[in-house]
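Residue indices begin at 1 and follow the sequence shown.
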Amino acid sequence: PVLTPRICKVGKKNVLYIRIIDEYGSEESYDIAGKKLYTFALLNKLVDEETESLGISFDDPSVTEKEKCRFYACINIKKEIKPQGIFGSRAIDGGMYAIFTLKGAYRNLHDLYKSIWFEWLPASKYKVRRGVHFEKYLNNPSLVDEENILTEVYVPIKEK
């Protein structure tokens, strides 16, 4: 499939996160972490109508042992919060991003990333800039059929 991202300027995001070290997409680990993150956020009044579910992957599962892949399950927050126990906070820098949309199962994200890095990026007029790539989950996989799950992948870019 031909990849055609949207190229957009995105504002800085402050996020609250919980760290997961496991195989990407491990249902049990991700479900437990997501429940803990949202419970903490709700109890601390950090959730509103603009809350986004985000994720940051740090490893390539074709290189890193699957059960050692590092991931931050995140939500964007408006107010600063000090790290507490299993919860941390960090910023995702704003700037230009190539935004790719995946429709379907999360297990297809790895193939999308390979297509971005090895097909789209070399053929484009962009290169990756310093910053973090991240995912934004547009709907809840427990409320929609697997083929209708929507995920955006944000890649920080600049012109070559």
Side-chain angles (χ1 to χ4, degrees), residues 1-38 40 52-77 83 85-142 144 146-160:
V2 177
L3 296 177
T4 48
R6 294 186 337 253
I7 306 298
C8 297
K9 188 173 174 93
V10 174
K12 175 183 170 187
K13 295 178 185 291
N14 291 311
V15 299
L16 171 73
Y17 68 85
I18 186 169
R19 187 176 189 196
I20 301 168
I21 301 176
D22 200 348
E23 184 173 346
Y24 284 143
S26 164
E27 275 191 48
E28 187 178 359
S29 295
Y30 282 64
D31 285 350
I32 291 167
K35 285 182 176 118
K36 287 179 180 176
L37 180 68
Y38 269 90
F40 179 86
E52 300 170 325
S53 292
L54 308 169
I56 304 172
S57 305
F58 293 93
D59 298 295
D60 177 347
S62 57
V63 177
T64 303
E65 292 176 50
K66 286 183 178 14
E67 63 281 354
K68 292 185 178 174
C69 287
R70 297 165 298 148
F71 180 82
Y72 284 179
C74 313
I75 61 164
N76 61 319
I77 53 175
I86 59 173
F87 303 101
S89 65
R90 67 165 291 162
I92 297 174
D93 291 334
M96 291 297 292
Y97 283 85
I99 304 169
F100 300 85
T101 302
L102 173 70
K103 186 174 182 188
Y106 294 138
R107 67 178 168 273
N108 299 326
L109 279 165
H110 185 61
D111 288 336
L112 175 60
Y113 277 111
K114 287 195 300 194
S115 296
I116 293 168
W117 299 133
F118 299 114
E119 295 169 29
W120 180 79
L121 207 51
S124 77
K125 64 179 184 176
Y126 301 100
K127 61 183 178 180
V128 176
R129 66 174 167 79
R130 190 179 164 108
V132 66
H133 62 273
F134 64 95
E135 297 158 11
K136 179 172 160 183
Y137 310 104
L138 302 181
N139 54 12
N140 184 333
S142 59
V144 297
E146 188 176 77
E147 65 269 13
N148 292 318
I149 295 171
L150 292 173
T151 309
E152 289 179 338
V153 172
Y154 288 66
V155 178
I157 55 166
K158 62 183 178 183
E159 292 202 19
K160 289 182 183 170

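- Using a 4.5 Å heavy-atom cutoff, the side chains of Ser53 and Tyr38 are in contact.
- The shortest non-hydrogen separation linking Asn139 to Leu150 is OD1-N, 3.0 Å.
- A 4.5 Å side-chain heavy-atom check between Ile32 and Ile20 finds every atom pair outside the cut-off.
- Atom OH of Tyr24 sits about 11.5 Å away from atom NZ of Lys66, to the nearest 0.5 Å.
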Where do Tyr106 and Glu27 land on the side chain to side chain donor-acceptor pair (under 3.5 Å) test, with the steps shown first? CA-CA 11 Å; Tyr106 294 138; Glu27 275 191 48; over 6 Å; no
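- Taking CG from Asp60 and NZ from Lys114, the interatomic distance works out to 8.5 Å, rounded to the nearest 0.5 Å.
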Chi angles and distances behind the side-chain contact (heavy atoms from CB on, under 4.5 Å) call for Val15, Arg90: CA-CA 6 Å; Val15 299; Arg90 67 165 291 162; 3.6 Å; yes
If you apply the rule side-chain contact (heavy atoms from CB on, under 4.5 Å), what do you find for Leu37 with Tyr17, and how did you get there? CA-CA 7 Å; Leu37 180 68; Tyr17 68 85; 5.7 Å; no
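- Within the 4.5 Å cutoff, the side chain of Tyr126 has heavy atoms near those of the Glu159 side chain.
- Arg6 contributes no side-chain N or O that, together with a main-chain N or O of Thr101, makes up a donor-acceptor pair within less than 3.5 Å.
- Ser57 OG to His110 NE2: the interatomic distance, rounded to the nearest 0.5 Å, is 11.0 Å.
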Go through the steps for Lys103 and Ile149 under the test side-chain contact (heavy atoms from CB on, under 4.5 Å), then give the verdict. CA-CA 6 Å; Lys103 186 174 182 188; Ile149 295 171; over 6 Å; no
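- A 4.5 Å side-chain heavy-atom check between Asp59 and Lys68 finds every atom pair outside the cut-off.
- Here the shortest heavy-atom pairing between Val155 and Ile116 reads CG2-CG2, 4.1 Å.
- Among the candidates Tyr154, Tyr97, Trp117, Phe58, the single residue satisfying the ring pair (Phe, Tyr, Trp, His ring centres under 6.0 Å) test with His133 is Trp117.
- Atoms CZ and CD1, from Phe134 and Ile92 in turn, are 5.0 Å apart once rounded to the nearest 0.5 Å.
- Between the side chain of Lys160 and the backbone N or O of Ser124 there is at least one donor-acceptor pair closer than 3.5 Å.
- In this structure, the side chains of Asp93 and Val132 stay at 4.5 Å or more apart for every pair of heavy atoms.
- When all heavy atoms of Gly88 and Pro83 are compared, the pair lying nearest together is CA-CB, 4.2 Å.
- Taking the side chain as every heavy atom from C-beta outward, Ile75 and Glu52 never approach each other to under 4.5 Å.
- In this pair, Tyr137 and Phe71 present their aromatic rings tilted. The plane angle is within the 30 to 60° band.
- The NZ atom of Lys13 sits 6.0 Å away from atom CG of Leu54, with the distance rounded to the nearest 0.5 Å.
- In this structure, CZ in Arg129 is found 9.0 Å from NZ in Lys158, a value given to the nearest 0.5 Å.
- Residues Glu135 and Leu102 fail the side-chain proximity criterion, which asks for heavy atoms closer than 4.5 Å.
- Pairing each heavy atom of Glu23 with each of Tyr30, the nearest pair is O-CE1, 3.7 Å.
- Within 6.0 Å of CD on Glu28 lie no more than 12 heavy atoms contributed by other residues, nucleotides or ligands.
- Between Arg70 and Arg19 the shortest side-chain heavy-atom distance falls below 4.5 Å.
- Here the closest non-hydrogen pair linking Tyr113 and Val153 is CE2-CG1, 3.5 Å.
- The aromatic rings of Trp120 and Phe100 sit perpendicular, their planes meeting at an angle over 60°, well past the 30° parallel limit.
- Asp22 approaches Ser26 most closely through the heavy-atom pair OD2-OG, 3.1 Å.
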